[in-house]
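Proteins come first, then strands; the chains are lettered A, B, ... in the order of their sequence lines, and each starts at number 1.
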Protein chains: 2
Amino acid sequence: MINMIERSHLEIIRGIDRHRTLTEASAILHLSQSALSHAIRKLESRTGTKIWIKQGRNLEFTDTGRFLLSLANRILPQLEHGDRALKQFSNGKKGTLRIGMECHPCYQWLLKVVLPFLQTWPEVDLDIKKDFQFDGYSSLKDHETDLLITPDLIKDNTLIFTPIFPYELVLIVARNHKLAPKSYVTTEDLETETLLTYPVGTDRLDIFTNFLIPSGCKPASHKVIEDHEIMIQMVAAERGVTALPNWMFAEYNETLPIKALRLGSGGLHKKLYTAIRAIDHDVDYIQAFVSSAIEVGETDSS
Amino acid sequence: MINMIERSHLEIIRGIDRHRTLTEASAILHLSQSALSHAIRKLESRTGTKIWIKQGRNLEFTDTGRFLLSLANRILPQLEHGDRALKQFSNGKKGTLRIGMECHPCYQWLLKVVLPFLQTWPEVDLDIKKDFQFDGYSSLKDHETDLLITPDLIKDNTLIFTPIFPYELVLIVARNHKLAPKSYVTTEDLETETLLTYPVGTDRLDIFTNFLIPSGCKPASHKVIEDHEIMIQMVAAERGVTALPNWMFAEYNETLPIKALRLGSGGLHKKLYTAIRAIDHDVDYIQAFVSSAIEVGETDSS
DNA sequence: TCAATCAATGAATTTTTCTCATGATTAATA
DNA sequence: TATTAATCATGAGAAAAATTCATTGATTGA
């Protein structure tokens with residue numbers, strides 16, 4: 001009488017939402033149409049509330065049904081991940097470390113951490129999400145990822161942040177660009193430039209949030225490019241300027257005619273952090289990954 | 001073969017964690033000890049991994065078991081809330097609007113929104129969490145609350161913020177306090193004062209984060225008090241000073257010998273927001289609550 | 001060593017779930 | 001409009017799963 005909602009109920013609700021009809025949903029779930037009907041009927045009688053109503057030859061969710069659907073969409077993915085995790089445990093795996101990257105230019109750096117980690121922890125799988133669209137903190141909190149690499153610190157007691165290494169965001173220009181002789185650029189300098197960035201919102205680009213927006217300035221034009229290699233090539237070809245971490249500049253400095261300029265007289269200084277859920281603090285392989293990230297960070301910036 | 005983890009499994013795992021022995025857990029779950037043993041045994045055989053090992057006469061979780069425990073602690077509360085919600089639907093309720101308050105002095109103001117809301121939406125239950133310890137954003141994202149009232153905006157695509165009303169944080173002092181003649185106070189002025197605040201971390205007190213800390217100043221002493229009535233009484237009795245919203249000062253201004261002073265020459269201006277999950281944007285009673293909050297906010301500050 | 005405590009196990013039983021066959025309703029079609 | 005196809009609901013019976021009971025084996029503490 002206490003526990004009413006079972007996994008199967010959520011599965012049925014989601015199935016109907018996805019496949020419109022009970023009959024089709026039943027095929028997907030490898031059950032008879034009748035079985036689903038009975039199952040939901042029973043839940044309805046226990047709760048005393050209708051979950052759907054037959055609208056013509058189709059079903060339509062009631063408020064209750066829609067509530068259950070949202071519950072299903074939230075809970076089933078977690079259970080499914082649980083199922084997969086259990087299978088992995090049985091294969092001697094300890095689990096999957098799902099990493100989210102919010103610092104797009106940091107991908108190269110991440111590889112330096114990943115390779116040794118994979119060797120030291122053969123029983124841990126890695127899954128790196130480098131999506132331009134995903135919301136880092138949400139997916140961390142929703143257990144879609146386990147570790148987030150980000151330059152943005154937020155206030156949240158349930159998360160643990162560890163600083164990895166400091167870096168400076170610099171403006172990269174061609175060597176014979178008109179700004180190249182300057183020791184640093186001002187926001188006004190950028191008003192006549194074409195700015196190249198990754199294809200994410202300006203609220204997630206430090207050049208905007210920490211430099212341009214406070215001053216009210218805008219670049220003459222703003223183009224988005226997915227890949228930083230191409231971005232730098234375009235800068236070298238005097239097709240625009242871009243803001244990247246100083247260590248990334250260093251990698252291309254010798255091979256391309258580019259120059260790095262400070263953003264503002266003091267420079268735009270950032271720090272990279274790992275973020276994990278506080279509850280995962282004692283998981284050995286997560287701890288190990290963070291430590292190893294710090295190590296690589298230290299040798300890198302020295 | 002696809003779905004392995006059932007609610008009952010999580011229930012059993014959590015029961016054992018809570019009550020140490022299988023026998024006791026079985027009593028709580030109104031099942032026989034044998035039933036639990038069989039159920040887990042079956043899950044083990046399906047996944048091919050041990051969940052616990054018999055350690056002497058007790059059980060000890062394996063890695064897998066601990067993983068399942070954390071899953072249980074995360075998922076079961078959501079299902080339990082689902083169960084309760086279904087019961088409410090059957091009673092004609094639409095659901096429970098669970099509100100989290102992060103602005104401690106705003107409680108009085110909230111009541112003005114709540115009372116009309118309860119009348120307009122008799123089919124919605126209200127549950128207000130005014131905990132000094134709870135983490136507002138976490139509980140919102142974890143579906144422990146549905147609406148958060150907070151002065152702190154954070155960056156998160158999955159949440160929707162709505163500004164309710166602006167207010168000014170002012171320093172409240174006794175009328176014959178030595179600072180009373182001033183038109184505003186500086187951070188240095190506070191270095192000789194006893195500051196009274198709510199019992200939350202200084203990182204969640206604007207007087208610290210937005211006033212004292214940037215200047216490096218500290219009050220002579222810092223005392224915490226749970227209740228703002230007592231706080232104001234103590235201020236009137238010259239036992240200290242406190243920072244509260246200007247509208248709260250207005251309520252006591254006539255009955256107590258107190259005075260409000262700006263914090264810094266410009267004053268410390270804040271805005272109150274409601275935060276909801278973007279996914280809940282279309283829920284009618286949530287929309288209604290936010291609208292009604294804005295309305296009350298407007299009449300209040302006019 | 002003995003009694004007590006606890007988990008595991010197998011067999012029997014109860015309960016639940018599922019299917020099959022069928023009916024009822026609706027929507028499309030001839 | 002009559003016909004047909006599609007869809008969900010329902011009841012009875014069959015199959016499967018969960019639960020209990022009774023017992024065993026292991027461990028601990030007295």
Side-chain angles (χ1 to χ4, degrees), chain A residues 1-62 64-66 68-69 79 83, chain B residues 1-62 64-66 68-69 72 76 79 83:
Chain A
M1 220 30 159
I2 311 279
N3 291 342
M4 306 196 285
I5 304 170
E6 290 295 327
R7 178 172 188 169
S8 58
H9 297 130
L10 299 178
E11 215 89 51
I12 293 169
I13 298 280
R14 186 178 64 176
I16 288 173
D17 181 57
R18 287 184 175 173
H19 304 101
R20 310 247 31 90
T21 76
L22 194 57
T23 312
E24 263 198 80
S26 71
I28 300 291
L29 296 173
H30 307 294
L31 287 173
S32 70
Q33 167 264 131
S34 174
L36 309 206
S37 189
H38 281 301
I40 296 297
R41 172 55 39 99
K42 189 168 175 186
L43 181 60
E44 283 180 338
S45 76
R46 275 198 294 193
T47 62
T49 168
K50 283 244 144 226
I51 288 170
W52 61 55
I53 42 174
K54 203 172 163 177
Q55 202 63 275
R57 83 171 46 160
N58 286 344
L59 300 178
E60 193 175 295
F61 284 129
T62 60
T64 311
R66 277 191 297 277
L68 282 170
L69 177 59
L79 288 175
D83 287 343
Chain B
M1 223 25 162
I2 310 275
N3 293 341
M4 306 195 284
I5 305 171
E6 291 295 328
R7 178 173 187 169
S8 57
H9 298 129
L10 299 178
E11 214 88 54
I12 294 170
I13 298 281
R14 187 178 65 174
I16 288 173
D17 181 56
R18 287 184 174 174
H19 303 103
R20 313 255 16 100
T21 76
L22 193 57
T23 312
E24 261 196 83
S26 70
I28 299 291
L29 297 174
H30 307 294
L31 288 171
S32 68
Q33 167 265 130
S34 174
L36 310 206
S37 189
H38 281 302
I40 296 297
R41 171 58 38 97
K42 190 168 177 188
L43 181 60
E44 283 180 339
S45 76
R46 275 198 295 194
T47 61
T49 166
K50 282 248 144 224
I51 289 170
W52 62 54
I53 42 173
K54 204 171 159 176
Q55 202 62 275
R57 84 171 47 158
N58 288 345
L59 301 175
E60 192 173 296
F61 284 130
T62 60
T64 311
R66 277 191 297 276
L68 282 171
L69 177 59
L76 291 179
L79 288 176
D83 289 342

- Length of the line joining A/Gln33:CD and C/dA21:P, which is rounded to integer Å: 14 Å
- Query: What nucleotide among C/dA7, C/dT19, D/dT20 has an atom nearest to a side-chain atom of A/Leu31?
  - Reply: C/dT19
- Would you say A/Ser37's side chain and A/Gln33's backbone share a donor-acceptor pair under 3.5 angstrom? no
- Separation of C/dA7 C1' from B/Arg20 CZ (nearest whole Å): 15 Å
- With no hydrogens and no angle check, is any side-chain donor or acceptor of A/Arg7 less than 3.5 Å from a backbone partner on B/Arg7? no
- For the student: nearest non-hydrogen atoms of A/His9 and A/Arg46, plus distance: CE1-NH2, 3.8 Å
- Just how far, in rounded Å, is P of C/dC18 from CG of A/Leu36? 9 Å
- Query: Over how many whole Å does the gap from A/Leu59 atom CG to C/dA27 atom P extend?
  - Reply: 13 Å
- Message: Starting the side chain at C-beta, find the nucleotide from D/dA18, D/dC8, D/dC21 nearest to B/Lys42.
- Response: D/dA18
- Query: Whole-Å distance between D/dC8 P and A/Ile40 CD1?
  - Reply: 13 Å
- On DNA chain C, more 5' by nearest nucleotide between B/Ile53 and A/Ala35 is B/Ile53
- Task: Classify the side chain of B/Ser34 versus the base of D/dC21 as yes if they form a donor-acceptor pair under 3.5 Å and no if they do not.
- Result: yes
- Interatomic distance where CD belongs to A/Glu60 and P belongs to D/dT7 [whole Å]: 17 Å
- Is the side chain of A/Thr64 donor-acceptor paired with the backbone N or O of A/Thr49 at a distance under 3.5 Å, no angle test? no
- Note on the structure: Considering only heavy side-chain atoms of A/Thr21, the closest of D/dA9, D/dT7, D/dT20 is D/dT7
- Query: Below 4.0 angstrom from OP1 or OP2 of C/dA8, is there any side-chain N or O of B/Trp52?
  - Reply: yes
- Query: Under 4.0 Å: is that the gap between some side-chain N or O of A/Ser37 and OP1 or OP2 of D/dA9?
  - Reply: yes
- Note on the structure: A/Arg7 CZ to C/dT16 P, in whole Å, measures 21 Å
- Query: Picking from C/dC18, D/dC8, C/dG10, which would you name as closest to the side chain of A/Thr23?
  - Reply: D/dC8
- Item | Value in whole Å for how far the P atom of D/dA17 lies from CD of B/Glu6 | 12 Å
- Out of C/dT17, D/dA9, D/dC21, whichever nucleotide has its closest atom nearest the side chain of A/Leu22: D/dA9
- Message: Closest approach to the side chain of A/Lys54, judged atom by atom: which nucleotide of C/dA8, D/dT7, D/dA12 is it?
- Response: D/dT7
- Please test B/Leu59 against B/Thr21 for side chain to side chain contact (heavy atoms under 4.5 Å, CB included), starting from the C-alpha separation and ending with a verdict. CA-CA 7 Å; B/Leu59 301 175; B/Thr21 76; over 6 Å; no
